[in-house]
Amino acid sequence: QVQLVESGGGLAQTGGSLRLSCTVSGGAFSTYAVAWFRQVPGKDREYVGAISWSGTRTSYTDSVKGRFTISRDNAKNTAYLEMNSLKPEDTAVYFCAAEPETSIRYYADSEEYENWGQGTQVTVSS
């Protein structure tokens, strides 16, 4: 079955950067759209952004536009979330999700994705 593993989380200072990785196995990665979501205790899971199967199209929620960049390396079956100019409000558990591109109607809808990673903690200090 499809498995996703996130890595790269940790502690950063305000204004700093982190790069998260999401490695996918058990599926045809190059045909999958990959999305990133984040969640803090007591809050709904929030859409961060997504990248199309080809890597030619990306989508971001307004709060991260201009600061975060999603990319992918199909040769490594890995998608990345580069986070720059980090703010304390970026603190959350970050999850990646993947689904065949043809199965996705709306990138931002978490219900579209059946395949999820375990999450990686990102903490941004002031």
Side-chain angles (χ1 to χ4, degrees):
Q1 299 298 317
V2 178
Q3 296 180 337
L4 286 71
V5 178
E6 301 99 334
S7 62
L11 178 65
Q13 296 182 354
T14 297
S17 300
L18 285 173
R19 187 186 192 189
L20 307 184
S21 298
C22 173
T23 299
V24 181
S25 62
F29 179 77
S30 62
T31 70
Y32 288 9
V34 178
W36 290 90
F37 293 80
R38 63 188 182 186
Q39 189 167 28
V40 299
K43 300 294 181 66
D44 293 334
R45 188 164 295 188
E46 178 188 19
Y47 175 69
V48 176
I51 188 166
S52 66
W53 69 273
S54 65
T56 59
R57 185 171 72 255
T58 54
S59 168
Y60 303 95
T61 193
D62 286 345
S63 64
V64 307
K65 287 181 179 177
R67 299 189 299 119
F68 290 10
T69 301
I70 297 172
S71 61
R72 66 190 297 159
D73 184 344
N74 286 353
K76 297 181 179 180
N77 287 358
T78 300
Y80 304 95
L81 177 64
E82 298 179 359
M83 302 181 292
N84 300 310
S85 301
L86 283 164
K87 304 174 181 179
E89 51 262 45
D90 294 318
T91 296
V93 176
Y94 283 72
F95 299 88
C96 64
E99 198 73 18
E101 181 79 38
T102 55
S103 297
I104 299 295
R105 295 183 180 183
Y106 306 104
Y107 285 144
D109 185 356
S110 63
E111 298 298 323
E112 297 277 357
Y113 303 90
E114 294 183 356
N115 307 300
W116 293 83
Q118 81 289 344
T120 186
Q121 176 71 46
V122 171
T123 301
V124 184
S125 65
S126 60

Looking only at side chains, do [X] and [Y] share a donor and an acceptor under 3.5 Å apart?
X    : Y    : answer
Y107 : E101 : yes
T78  : T23  : yes
S30  : N74  : no

For the backbone of [Y] and the side chain of [X], can you confirm whether one donor and one acceptor N or O come within less than 3.5 Å of each other?
X    : Y   : answer
Q39  : Y94 : no
N115 : A98 : yes
T120 : S7  : no
S63  : T61 : no
Y47  : R38 : no
E6   : C96 : yes
R72  : S52 : yes
S85  : R67 : no

> If you look at every heavy atom in Q121 and T91, which pair is closest and at what distance?
Replying inline: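 In this case the closest contact between Q121 and T91 is NE2-CG2, 4.0 Å.
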
>> For D90 and K87: C-alpha separation, side-chain torsions, deciding distance, then whether salt bridge (Lys or Arg N to Asp or Glu O under 4.0 Å) applies.
In response: CA-CA 5 Å; D90 294 318; K87 304 174 181 179; over 6 Å; no

> Hey, do the aromatic rings of F37 and W116 have their centres closer than 6.0 Å?
Replying inline: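 Under 6.0 Å, so yes.
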
> Going only through I, L, V, M, F, W and Y residues with side-chain contacts under 4.5 Å, is there a path from M83 to F95?
Replying inline: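 Shared cluster, no.
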
